[in-house]
Amino acid sequence: MTILTLTLNPAIDHVLWVDHFQLGHTLRATSETRTPSGKGVGSSLVLHELGADTRAFGFAAGLTGSMLTALLDQAGIPHELLPASGETRIATLIVDQHSGLQSTVSAATLRVDEPGFTHLLDRLAAASAWGIICAGSVPPGLPADAYATILRRLHATNLVTLLDTSGAALSAGVTGLPHVLKINADEARSLDGDLALSVASALDVRAALDQLRRYLGRWAREAIVVTLGRDGALAVRPDGGYRVHPLNVPVVSTAGAGDALNAGLMLALSRGESWSAALAWGTAAASSVVMNAGTAVCQRRQVEELYRQVTVEEIIFHD
């Protein structure tokens with residue numbers, strides 16, 4: 001079954017690894033990569049590596065848009081990128097190998113007009129697939145509720161939808177009620193500043209899940225997944241919750257880890273696997289990505305090995 005991805009504002013990630021980054025100095029990178037990027041694009045890269053059928057939808061503009069298309073072709077990712085004005089973003093990531101810290105500088109972006117958005121809606125509605133990952137920022141020219149409009153249109157097609165965005169696009173997007181909402185802790189608190197997402201004890205985990213459960217039907221139809229960085233993740237469904245323990249792996253680059261979680265999760269669900277298994281596959285894919293240079297770069301055999309190491313606790317709700 002095919003899993004579509006939608007990236008309204010894709011990019012090209014240019015990653016530079018340097019030793020002891022210092023402002024005001026001429027530095028020579030020890031290595032570099034250029035990768036097609038944007039959250040949905042990252043998920044398509046991971047889905048492709050894991051052997052899934054995927055197709056990347058979105059927009060592209062200018063010379064950098066042509067480069068993005070070429071990079072996707074080179075990676076073997078089927079795509080449908082509609083024309084827009086301006087230029088596709090280039091995000092330059094500088095990774096300091098000494099400190100392990102990284103900084104991102106993003107250039108100007110493309111702009112989408114109303115006819116272009118309408119065309120996209122029509123193309124998505126006509127696509128045949130099991131589900132879709134809608135992810136990333138909303139570019140200039142589109143309203144903040146663009147994802148909500150997309151989700152409402154796609155629900156009529158019976159696609160399983162996952163939303164992963166932030167800021168105004170998130171607060172407006174949840175009104176479209178995706179089947180699955182994937183957010184991080186900061187994004188969750190932007191929706192409800194009173195959320196306590198501690199996993200310090202079993203009681204804290206249960207309290208966090210009880211809080212998140214109240215938002216089923218308000219933020220998402222079927223599930224909410226909250227990633228907690230080094231603390232793993234929490235997920236909630238109507239009948240129960242999940243505490244996903246993180247894996248202790250060496251970190252080379254964190255770029256695309258969340259995109260990989262989305263990919264592994266949706267791929268497992270499309271194959272009829274349990275939610276516990278789906279969360280484990282997502283965690284394994286994300287862990288593989290952070291172990292490899294580039295954006296959303298994982299290795300299938302590595303993901304399979306990591307999957308066997310993931311611990312997912314299931315908590316049943318008793319009303």
Side-chain angles (χ1 to χ4, degrees), residues 1 3 43 52 129-135 147-148 151-152 154-165 170 173-185 187-189 191-192 194-229 231-247 258 260-286 307-319:
M1 288 183 281
I3 299 175
S43 292
W130 172 85
I132 184 169
I133 297 169
C134 301
Y147 280 124
L151 291 168
R152 293 187 188 105
L154 293 182
H155 287 153
T157 69
N158 295 318
L159 282 177
V160 176
T161 57
L162 182 149
L163 177 64
D164 180 1
T165 186
L170 172 61
V174 295
T175 65
L177 282 182
H179 290 95
V180 181
L181 175 67
K182 200 294 292 290
I183 47 180
N184 63 32
E187 291 159 354
R189 293 190 181 101
L191 295 173
D192 179 356
D194 293 327
L195 278 177
L197 298 172
S198 172
V199 294
S201 70
L203 287 176
D204 289 333
V205 170
R206 183 58 185 254
L209 292 174
D210 284 339
Q211 279 189 298
L212 289 172
R213 188 188 183 197
R214 296 201 302 263
Y215 291 104
L216 288 174
R218 296 167 62 184
W219 293 352
R221 295 175 179 230
E222 295 181 5
I224 299 169
V225 180
V226 182
T227 56
L228 304 173
D231 288 327
L234 294 171
V236 63
R237 300 182 64 240
D239 57 347
Y242 305 84
R243 160 81 162 103
V244 186
H245 292 267
L247 294 177
L261 190 148
N262 294 341
L265 176 75
M266 289 288 274
L267 177 56
L269 293 177
S270 75
R271 293 174 174 174
E273 298 193 44
S274 69
W275 261 87
S276 289
L279 289 164
W281 279 116
T283 301
Y307 169 76
R308 293 189 286 271
Q309 302 173 33
V310 180
T311 300
V312 180
E313 295 179 49
E314 185 170 357
I315 296 94
I316 305 299
F317 294 137
H318 298 289
D319 293 325

Side chain of [X], backbone of [Y]: donor and acceptor closer than 3.5 Å?
{"X": "Gln211", "Y": "Ala208", "answer": "no"}
{"X": "His179", "Y": "Gly131", "answer": "no"}
{"X": "Lys182", "Y": "Ala135", "answer": "no"}

Determine whether [X] and [Y] make a side-chain contact, defined as any pair of heavy atoms from C-beta on separated by less than 4.5 Å.
{"X": "Val205", "Y": "Val199", "answer": "yes"}
{"X": "Leu197", "Y": "Leu212", "answer": "yes"}
{"X": "Val180", "Y": "Leu265", "answer": "yes"}
{"X": "His245", "Y": "Thr283", "answer": "no"}
{"X": "Leu170", "Y": "Tyr147", "answer": "no"}
{"X": "Val312", "Y": "Trp275", "answer": "no"}
{"X": "Cys134", "Y": "Leu163", "answer": "yes"}

From [atom1] ([X]) to [atom2] ([Y]), nearest 0.5 Å:
{"X": "Glu222", "Y": "Leu216", "atom1": "CD", "atom2": "CG", "value": "9.5 Å"}
{"X": "Leu177", "Y": "Arg218", "atom1": "CG", "atom2": "CZ", "value": "11.0 Å"}
{"X": "Ser198", "Y": "Leu203", "atom1": "OG", "atom2": "CG", "value": "10.5 Å"}
{"X": "Asn262", "Y": "Ile133", "atom1": "CG", "atom2": "CD1", "value": "5.5 Å"}
{"X": "Glu187", "Y": "Asn184", "atom1": "CD", "atom2": "CG", "value": "3.5 Å"}

Can you see which heavy atom on [X] is nearest to which on [Y], and at what distance?
{"X": "Ala280", "Y": "Tyr307", "value": "CB-CE1, 3.5 Å"}
{"X": "Leu234", "Y": "Arg243", "value": "CD2-CD, 3.9 Å"}
{"X": "Leu247", "Y": "Val310", "value": "CD1-CG2, 3.7 Å"}
{"X": "Ala268", "Y": "Ala278", "value": "CB-CA, 3.5 Å"}
{"X": "Gly176", "Y": "Leu151", "value": "O-CB, 3.6 Å"}
{"X": "Pro238", "Y": "Phe317", "value": "O-CD1, 3.7 Å"}

- prompt: Can you check side-chain contact (heavy atoms from CB on, under 4.5 Å) on Leu181 and Val174, steps first, answer last?
  reply: CA-CA 8 Å; Leu181 175 67; Val174 295; 4.0 Å; yes
message: Walk me through whether Tyr215 and Asp192 qualify under side-chain contact (heavy atoms from CB on, under 4.5 Å).
response: CA-CA 10 Å; Tyr215 291 104; Asp192 179 356; 2.4 Å; yes
